[in-house]
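Report on the structure given below.
Protein chains get the first letters and strands the later ones, always in sequence-line order, with residue 1 at the start of each.
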Amino acid sequence: MESGANIKRKREDDSTGRGHLQQKRIKLLESRQQLPIWHRQKGIRDALREHNVLILSGETGSGKSTQIPQFLLDQPWCRSKKIAVTQPRRVAAISLARRVAEEMGTPLGSSSPASKVGYSVRFDESTSPSTRIKFLTEGMLLQEMLRDKALSQYSCVVVDEVHERSVNIDLILGFLRQLQQTRRKDLKVVVMSATADVDSLRRFFAAKLSMPEEAPPTDEQPGGADDESWDGFSENDQLETTDIATCHVEGRQYPVVTQYLDNPTDDVIEAALHRIFQIHCKEPTPGDVLVFMTGQETIQALQKLIEDLAQGLTTDYPKMLVLPLFAALPQAAQQLIFQPPPRNTRKIILTTNIAETSVTVPGVKYVVDTGKAKVKQFRNRLGLDSLLVKPISQSSADQRKGRAGREAAGQCYRLYTEASYKTLDKDNKPEILRCDLSQAVLTMKARGVDDVLDFPFLTPPPQEAMGKALLQLLQLNALAEDGKISTVGRKIARLPLTPALGRVILEAATSDMDCLLEVIDIVACLSVEHIFTAVDTEEGREKAQIARSQLLRREGDHLTYLAAVQAYAEEQSDRRRWANEHMISHRAMQSVMDVRKQLTAQCRQAKLLLQDQEVRAATDEATQERILKCFLRGYSTKVARLCPDGSYKTFTGNQTVAIHPSSVLFGRKKVEAILYNQFVYTNKAYARDVSVVQLRWLEEMLQ
DNA sequence: TGCTATTCA
């Protein structure tokens, strides 16, 4: 019970706070009323009163992400429960929650018990008992579904950015449709997409739960089935469209003029250079240029070319400020994008597709698009990820183009012909057709989907890919012989890790192995970005070698990571300085510490770790051996042996693998066998995160 | 022997 004084004080706080919040709300109301979606609210409310599914298409700037939940909140069917709005990215979930709270005149999240809007992302949850609208990442909603399969606290789930077609989105859509047709016939689902093609979504929600047997595309065809539409439903499926409403909202974009090349080019860097200088010398400032490239290497090459050429520019022209943008770039360098350029200077931003979805660059009037991107594709038969440069899709090209029209009318220069634009795939290939499915399959099993081939997929993956995933889960003992999830599998599914890494954790917790804390440190490194800062010059490499010398372990990357985490954790005074001195990414290490804390807490909760267990002081040789054996348990198929010709060849498949240059074992003396966590094809097949193992250990594991 | 598109739990 609260005392009278407390209640009184709270009232005063609330009333002064409320006054301020209400002023803000009223101010924001005017701009909300300008949004294209504002005048559609009655239609949208009516649609969801009569139907359980609403498919809403609308380009950026329509206001759908912020307005839809507010339109629905006071509906009779919504009164007693929450609305969930999923987002692909953490920053989007948090900033949308902040914005909607302001628009509603309510405090955000856990700041006040009266708050109506909150958010939930990994490592950061801000909700209160009174939360009515909750923005969360897709991963968090899937996590919630482990504990509450029926999503009983929600009356409505809004799935945003569905056109991105991540595995998580596809899983969520499948689960939602199952729920709606079984124990949550009252659940409302709003699916929002930036692409206008909603036909496959409509058919997905209309089809009967038990789907007709389709022949999924076969895997491993060169180039894949690239020109097909990614739609698992054929025209003659019986439709029950009565329960589905669709709605299209126009965006609020300025016009963008598109210009193509007359003839194809085989040197896009040269073509980009040419176009950038044409824009710079011809067009007035202000007006920044955003150039879409494939990766760090080409970005840095072009940056040098531009800067060299810009030196020869006379003072009649504005100056050029070239800024690279890619995910591995340190945070401070990324922030330069948001600063206004100095006087009489034009910003030229060279970016990967990070600027297509994740980062909005202000001030851009001109977009130069090379039409290419690096795309990851999992090869089931080889058990390897390839990361190759591929042509983008039309919707990707249109997305890039749209970046020129956010603040004013703009121009888009495509460094390919109009004819080749027309040959591009319409949409991005869904991730579920491009990735290792073991985690998705385990996720389904853990949520009670016994027959995963019967799961309602928006795009069914090839049966071969499903088979591989099931096989891998069997090998990890995550599934029993009958295909049902095992106790081990349930424990793995709860961990925020791939099944293989989860299995390593469980192995480390056994009394035989007894090295869980050490393994958690290593696994934390493996599940974040690379902890060593990139070096691009010969000189830098030598400097890094010296700076990190105390941490490097000749046994390989795993024990090197362990040494780095332990040293970082021991550093009490200035961790940022320590990281800089050792040429280790402070940002990456902060994530490592977050993951480490979370995994430790989860292991305690799962009784894998005793409450009072502490890190051992030294890691002796016997412990090192047990640590690597734990990794062998999860990665038994990712082992290669040294062959007489000096190459490493995999045990399963006899393929050649090279040690990646980022590994501490790169350029070292050859050993009888290596274990690795990633098998990636770029220029050739590389093993990443590599350690030395003995063949004897492997034999022991097989017994 | 020479290198990592991008998210997320």
Side-chain angles (χ1 to χ4, degrees), chain A residues 86-93 120-125 136-146 161 164-169 171-172 292-300 325-329 351-359 372-377 385-390 392 396 428 431 434-435 439-440 442-443 446 492-499 501-502 527-538 541 585 588 591 594-595 598-599 602 645-648 656-663 665-670 678 680-689:
Chain A
T86 71
Q87 290 295 319
R89 285 164 286 279
R90 298 163 48 94
V91 276
S120 173
V121 303
R122 191 182 186 183
F123 308 128
D124 189 4
E125 169 152 2
L136 31 57
T137 46
E138 292 147 6
M140 288 303 288
L141 186 69
L142 285 170
Q143 210 60 33
E144 287 190 3
M145 292 186 79
L146 266 185
E161 313 276 13
E164 292 192 14
R165 293 300 304 277
S166 63
V167 174
N168 282 349
I169 285 179
L171 290 176
I172 286 172
F292 283 97
M293 319 262 302
T294 54
Q296 182 173 350
E297 195 184 338
T298 48
I299 285 173
Q300 285 168 342
L325 177 63
F326 46 87
L329 202 67
T351 182
T352 60
N353 44 15
I354 190 174
E356 210 180 292
T357 49
S358 310
V359 178
K372 299 278 201 291
K374 282 190 184 170
V375 181
K376 196 151 99 177
Q377 168 88 47
D385 269 318
S386 60
L387 186 62
L388 301 172
V389 173
K390 289 269 177 79
I392 60 173
S396 221
N428 292 343
E431 192 187 7
R434 299 187 288 110
C435 73
Q439 192 164 11
L442 187 63
T443 291
I492 294 176
R494 291 219 162 216
L495 295 169
L497 298 168
T498 62
L501 280 179
S527 59
V528 306
E529 58 178 309
H530 199 57
I531 63 166
F532 291 136
T533 48
V535 282
D536 38 17
T537 63
E538 184 74 18
R541 235 186 55 241
S585 158
S591 321
D594 282 337
V595 176
Q598 186 181 36
L599 289 177
Q602 283 184 327
D645 65 356
S647 70
Y648 290 106
T656 305
V657 291
I659 292 176
H660 194 274
S662 65
S663 170
L665 294 182
F666 179 78
R668 297 295 195 87
K669 190 173 166 297
K670 295 281 163 74
Q678 293 185 68
V680 193
Y681 189 94
T682 50
N683 294 318
K684 58 182 176 182
Y686 282 113
R688 302 193 60 175
D689 301 322

- Message: Quick check on DNA chain B: between A/Phe326 and A/Gln598, whose nearest nucleotide comes earlier from the 5' end?
- Response: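 Looking at DNA chain B, the more 5' nearest nucleotide goes with A/Phe326.
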
Check this one for me: any side-chain N or O of [X] less than 4.0 Å away from OP1 or OP2 of [N]?
X        : N     : answer
A/Ser647 : B/dT1 : no
A/Asn168 : B/dT7 : no
A/His660 : B/dT4 : yes
A/Thr294 : B/dA5 : no
A/Thr352 : B/dT6 : yes
A/Tyr686 : B/dT4 : no

What I'd like to find out is whether the side chain of [X] reaches to under 4.5 Å of the side chain of [Y], using heavy atoms alone.
X        : Y        : answer
A/Tyr648 : A/Lys670 : yes
A/Asp594 : A/Arg122 : no
A/Val375 : A/Leu387 : no
A/Ser396 : A/Asn353 : no

Touch class at under 4.0 angstrom, heavy-atom based, for [X] against every strand present:
X        : answer
A/Arg89  : sugar-phosphate
A/Gln296 : sugar-phosphate
A/Glu144 : nothing
A/Ala373 : nothing
A/Ser166 : nothing
A/Val167 : nothing
A/Thr682 : sugar-phosphate
A/Leu387 : base

- Over all heavy atoms of both residues, which pair between A/Leu495 and A/Leu599 is shortest? Give the atoms and the distance, please.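 Closest pair (atom of A/Leu495, atom of A/Leu599, distance): CD2-CD2, 4.3 Å.
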
- Message: For the CD atom of A/Glu529 and the OG atom of A/Ser591, what is their distance to the nearest 0.5 Å?
- Response: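 OG of A/Ser591 is found 5.5 Å from CD of A/Glu529.
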
Value in whole Å for how far the [atom2] atom of [N] lies from [atom1] of [X]:
X        : N     : atom1 : atom2 : result
A/Leu497 : B/dA9 : CG    : C1'   : 9 Å
A/Gln87  : B/dA9 : CD    : P     : 12 Å
A/Leu442 : B/dA9 : CG    : P     : 18 Å
A/Arg434 : B/dT7 : CZ    : C1'   : 11 Å
A/Leu665 : B/dT1 : CG    : P     : 17 Å
A/Asp124 : B/dC8 : CG    : P     : 12 Å
A/Ile659 : B/dT1 : CD1   : P     : 14 Å
A/Gln300 : B/dG2 : CD    : P     : 19 Å

Which listed nucleotide ([options]) is nearest to the side chain of [X]?
X        : options             : value
A/Lys374 : B/dA5, B/dT6, B/dG2 : B/dA5
A/Ile354 : B/dC3, B/dA9, B/dT6 : B/dT6
A/Arg688 : B/dC3, B/dA9, B/dT4 : B/dT4
A/Lys376 : B/dG2, B/dA9, B/dT6 : B/dT6

- Item | CD (A/Glu125) with more than 12 external heavy atoms under 6.0 Å | yes

- Query: Side-chain donor or acceptor of A/Arg90 under 3.5 Å from a matching atom on the base of B/dT7?
  - Reply: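 Looking at the base of B/dT7, it does not pair with any donor or acceptor on the side chain of A/Arg90 (distance under 3.5 Å).
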
